[in-house]
2 protein chains.
Amino acid sequence: MTGIRQLASRLDISIGTVSRALNDRPGVNAETRARVLQMADEIGYFANASGRSLRRGSTGAIGVVIETGSPSALGGDNFFFALLDAMQEVLTEQDYDLVLLPTRHAADPLDSFRRMIRRGMVDAIVLTATRRNDPRIELLLGSKVPFLTLGRSETPGDYSWIDLDFERVARTSVDRLVALGHRRIAVVTPTGDANLAFLYADAAVRALAEHGIDGPPDLILRAEPSEGGGVMVARDLLTRPERPTAIMCCSEPMTTGLYSEFLQAGLRIGRDMSVIGFRDNPHCRYLSPAPTCFALALDELGQHVANAIASIAAKDRTAAPRIRTIWPMEFRETASIGPPRSPDRS
Amino acid sequence: MTGIRQLASRLDISIGTVSRALNDRPGVNAETRARVLQMADEIGYFANASGRSLRRGSTGAIGVVIETGSPSALGGDNFFFALLDAMQEVLTEQDYDLVLLPTRHAADPLDSFRRMIRRGMVDAIVLTATRRNDPRIELLLGSKVPFLTLGRSETPGDYSWIDLDFERVARTSVDRLVALGHRRIAVVTPTGDANLAFLYADAAVRALAEHGIDGPPDLILRAEPSEGGGVMVARDLLTRPERPTAIMCCSEPMTTGLYSEFLQAGLRIGRDMSVIGFRDNPHCRYLSPAPTCFALALDELGQHVANAIASIAAKDRTAAPRIRTIWPMEFRETASIGPPRSPDRS
DNA sequence: ATCTATTTCGGAAACGTTTACGGCAGGGCT
DNA sequence: AGCCCTGCCGTAAACGTTTCCGAAATAGAT
């Protein structure tokens, strides 16, 4: 056992001085501090996390809540791992530890969640994959744990969030497809309560309406955000007497499924069927033709999130600003879209 | 603040009794226990994690170490999220918390890693993505933290591991391709130190040798385990005067890249080029034709891992058995392989 | 009625750390 | 020389919980 007492007794010094030396507190001789640091390094001493956080009242850890066991709308690719990588770069600089807190989608998420925040394992929480009405946010608002959500929600309250610009993505997609001559455009969003689905669909419908396209909503579709969901949607559309000439969707696995089924049916993507996906992710990039989609500065987003949650977690909670960021995405057009093949009759 | 003292004073009872009641310790009246539990529920009391683990000497948390910022050979977060889901099902039953500890691939992994285990944030560690020679394992062996690695390693020592059956996967792939008539078979593994790359390649080479195929090793290839890596490999092979008639690879993103480039070059997969991938993952399933690959009972694997790490983390470390599991995978043949098109001359 | 065993509970110590407080030098000032 | 101030350090009290130990009370047995 290498506690602070062993370290102190080895140096013939009091534990108070040792602690001060290690924590860069004033009131300790420079030479003594050097001796302490060297000995600590030598015997491999690290302050015990429980003791420290018990005394300090904070753990120095930031928890990112992720949900396992359900297909994630934002693509089952390395989205989270890449984001975490950038976050950790910033957070370790600020002496925060980063831990992921997986919660099971199938089980009641609330009770495991409640435990997490009540026990005080982390100083602050980043909540991901927000739902349209998210009881987890209510729980957090009712607790003392500062938090930040990655994604907006309809759940009211005074909290900070960071989200992608789904509205502009949807609007840009519609504008471009209409400019190419499309009139029958299918919009497909993930099932479930993920708020992004509503933001995307609503914005798309508004944009379509502005172009005078507000036909029956049978082209606003929902499916499971997985490859299988994309296949189902494609099959559905292929059986329709007047099938759409373009389709836009905000889930990458779904885009993959759409491709698979359309190609199977002999359609040429970009000519017989225009496809706009969502995020520019590596998996999609090697579909052919690569889907038109929207690029995202993932590193910078991660850094922004990290800085935001660090400032929120800071003890000095007086001047903690409310953060509300809508992160831009850049349009990347490819050969996956083109003018409609046969003139549309609608 | 809702500490155990508030709870006790509300009930006019000592904190000792409250603690005994909450922890199902003997020596407390059934009626008193019921009152305590009800009041705890009422005011939303949860024992503070720092205080508890300080006194108990264990945190009740199991850490899964993952590496961010590098393409993962086993394909993205789908694999891990699914595994984690199954693990948590088992671990919550045993009153363990599950936390993910992301470490940055780019940064020096050792020091952040050292902090993690020395601070005693977790009772036990699951180490993923083991490398052939893995300094992290040495660090863990030198510490008091019980651990389990997901993946074998050449690093010697007396530790438990669970791994997939890469040898049988490689052997089965070779056997089947040879049975179909292939003689020029490319074997491609990820670059980097991931141990699975060596296991797979070595087993493939042995199997080829047993079939009398031990030509020059210019068909044993390595590439980054990403779509881009697959593309590079495919381009390389396409320029060769005598290109192979089959290719087997143990990384799903790489398989996607191979498909993309081969299709681009006008090859028909399963006829002009036979392809065997590795894991049966959703992303690959919607390539066409779906790659021949190997299925894996991910749920059961997760449960097995959870049970293993729980038994390893148990306080009673006397009878902790050493666990060494090689997890089977089931061959799934599809139209992505077939007899070689033009008779091979070698 | 006394003694013992059992049940139930309160008091207090302990876990490892940080930090407020006070003390002891030594130096600079009047 | 006396005084105050500063720099350094040791002591001890917290943080919230679990658990050991002993006390009180009740029941049972002789």
Side-chain angles (χ1 to χ4, degrees), chain A residues 1-37 39-40 43-61 95 97 115 117-123 144 315, chain B residues 1-37 39-40 43-61 95 97 115 117-123 144 315:
Chain A
M1 281 290 102
T2 61
I4 200 175
R5 288 198 170 78
Q6 281 68 34
L7 186 50
S9 76
R10 271 196 193 231
L11 291 162
D12 259 336
I13 241 181
S14 80
I15 61 170
T17 306
V18 171
S19 176
R20 273 188 296 267
L22 292 173
N23 292 353
D24 264 335
R25 284 279 178 289
V28 41
N29 192 331
E31 194 250 355
T32 323
R33 165 165 299 152
R35 282 205 310 144
V36 171
L37 289 180
M39 179 63 81
I43 71 173
Y45 169 82
F46 279 88
N48 176 281
S50 306
R52 159 175 290 184
S53 54
L54 178 57
R55 166 68 219 212
R56 281 202 187 161
S58 70
T59 62
D95 279 325
D97 287 328
R115 276 197 338 170
I117 65 184
R118 285 276 170 70
R119 279 206 196 291
M121 292 189 55
V122 292
D123 290 347
K144 296 293 175 202
K315 278 209 160 176
Chain B
M1 283 289 104
T2 61
I4 201 175
R5 288 199 170 78
Q6 281 69 34
L7 185 50
S9 76
R10 270 195 193 232
L11 291 162
D12 258 336
I13 242 181
S14 81
I15 62 170
T17 305
V18 171
S19 176
R20 275 187 295 267
L22 292 173
N23 293 352
D24 264 335
R25 285 279 178 289
V28 40
N29 192 332
E31 194 250 356
T32 322
R33 166 165 297 152
R35 282 205 311 144
V36 171
L37 290 179
M39 178 63 81
I43 70 173
Y45 170 81
F46 278 88
N48 176 280
S50 305
R52 159 174 292 185
S53 54
L54 178 58
R55 167 68 220 209
R56 281 201 186 160
S58 70
T59 62
D95 279 326
D97 287 329
R115 276 195 340 169
I117 64 183
R118 286 275 171 69
R119 279 207 197 291
M121 292 189 55
V122 291
D123 291 346
K144 295 294 176 202
K315 279 210 161 176

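Note that the coordinates shown come from a computational prediction; the quantities given were computed from them, not determined experimentally. In the text below, chain A, chain B and the rest are named by the order of the sequence lines, each starting its count at 1.
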Rounded to the nearest angstrom, tell me the gap between atom [atom1] in [X] and atom [atom2] in [N].
{"X": "B:Asp12", "N": "C:dC9", "atom1": "CG", "atom2": "P", "result": "13 Å"}
{"X": "B:Ile4", "N": "C:dA12", "atom1": "CD1", "atom2": "P", "result": "17 Å"}
{"X": "A:Arg35", "N": "D:dC8", "atom1": "CZ", "atom2": "P", "result": "14 Å"}
{"X": "B:Ile13", "N": "C:dG11", "atom1": "CD1", "atom2": "P", "result": "12 Å"}
{"X": "B:Arg55", "N": "D:dT19", "atom1": "CZ", "atom2": "P", "result": "6 Å"}
{"X": "B:Leu7", "N": "C:dG10", "atom1": "CG", "atom2": "P", "result": "13 Å"}
{"X": "B:Ile15", "N": "C:dA12", "atom1": "CD1", "atom2": "C1'", "result": "9 Å"}
{"X": "A:Leu54", "N": "C:dT18", "atom1": "CG", "atom2": "C1'", "result": "10 Å"}

**Pairwise distance CD1(A:Ile117) to NZ(A:Lys144) - rounded to 0.5 angstrom** =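 Between atom CD1 of A:Ile117 and atom NZ of A:Lys144 there are 12.0 Å.
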**Message:** Using 0.5 Å steps for rounding, measure from the CG atom of B:Asp97 to the CZ atom of A:Arg119.
**Reply:**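 The CG atom of B:Asp97 sits 6.5 Å away from the CZ atom of A:Arg119.
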Distance-only check: which donor-acceptor pairs under 3.5 Å involve side-chain atoms of residues 23-32 of chain A, not counting sequence neighbours?
from	atom 1	to	atom 2	distance (Å)
A:Arg25	NH1	A:Asn23	O	3.3
A:Asn29	OD1	A:Glu31	N	3.0

**Message:** Using the side-chain contact (heavy atoms from CB on, under 4.5 Å) criterion, which residues pair with A:Leu11? Sequence neighbours excluded.
**Reply:**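 Once residues adjacent in sequence are excluded, the partners of A:Leu11 under the side-chain contact (heavy atoms from CB on, under 4.5 Å) criterion are A:Leu7, A:Ile13, A:Arg35, A:Val36, A:Met39.
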side-chain N/O [X] vs [N] OP1/OP2, d < 4.0 Å:
{"X": "A:Arg52", "N": "C:dT18", "result": "yes"}
{"X": "A:Thr32", "N": "D:dC9", "result": "yes"}
{"X": "A:Ser19", "N": "C:dT19", "result": "no"}
{"X": "A:Tyr45", "N": "C:dG16", "result": "no"}
{"X": "B:Asn23", "N": "D:dT18", "result": "yes"}
{"X": "B:Ser50", "N": "D:dG16", "result": "no"}
{"X": "B:Thr17", "N": "C:dC9", "result": "no"}

**Request:** Taking atom CZ of A:Arg115 as the centre, report whether more than 12 heavy atoms of other residues, nucleotides or ligands fall under 6.0 Å from it.
**Result:** yes
**Prompt:** Which nucleotide in the set D:dT11, C:dC9, C:dG16 lies at the smallest distance from any side-chain heavy atom of B:Arg20?
**Reply:**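 The answer is C:dC9, which lies nearest to the side chain.
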**Asked** In terms of side-chain heavy atoms of A:Asn48, which of D:dT17, C:dG16, D:dG10 is nearest?
**Response**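 Looking only at heavy atoms from C-beta outward on A:Asn48, the closest nucleotide is C:dG16.
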**Message:** Once you apply a heavy-atom cut-off of 4.0 Å, does B:Arg25 come out as touching a base, just sugar-phosphate, or nothing?
**Reply:** sugar-phosphate
**Asked** Does A:Ser19 have any side chain to side chain donor-acceptor pair (under 3.5 Å) partners at least two apart in sequence or in another chain, and if so, which?
**Response**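 With sequence neighbours excluded, A:Ser19 shows a side chain to side chain donor-acceptor pair (under 3.5 Å) to no residue whatsoever.
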**Asked** Listed by chain and number, what are the side chain to side chain donor-acceptor pair (under 3.5 Å) partners of B:Ser9, not counting sequence neighbours?
**Response** none
Could you list the donor-acceptor pairs under 3.5 angstrom formed by side chains in residues 43-53 of chain B, with sequence neighbours left out?
from	atom 1	to	atom 2	distance (Å)
B:Asn48	OD1	B:Ser50	N	2.8
B:Asn48	OD1	B:Gly51	N	2.9
B:Ser50	OG	A:Ser53	OG	2.8
B:Ser53	OG	A:Ser50	OG	2.8
B:Ser53	OG	B:Ala49	O	2.8
B:Ser53	OG	B:Ser50	O	3.4

**Prompt:** Per the end-axis method with five pairs at each terminus, what is the bend angle of the helix from C:dA1-D:dT30 to C:dT30-D:dA1, to 10°?
**Reply:**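 So the angle between the two local helix axes works out to 60°.
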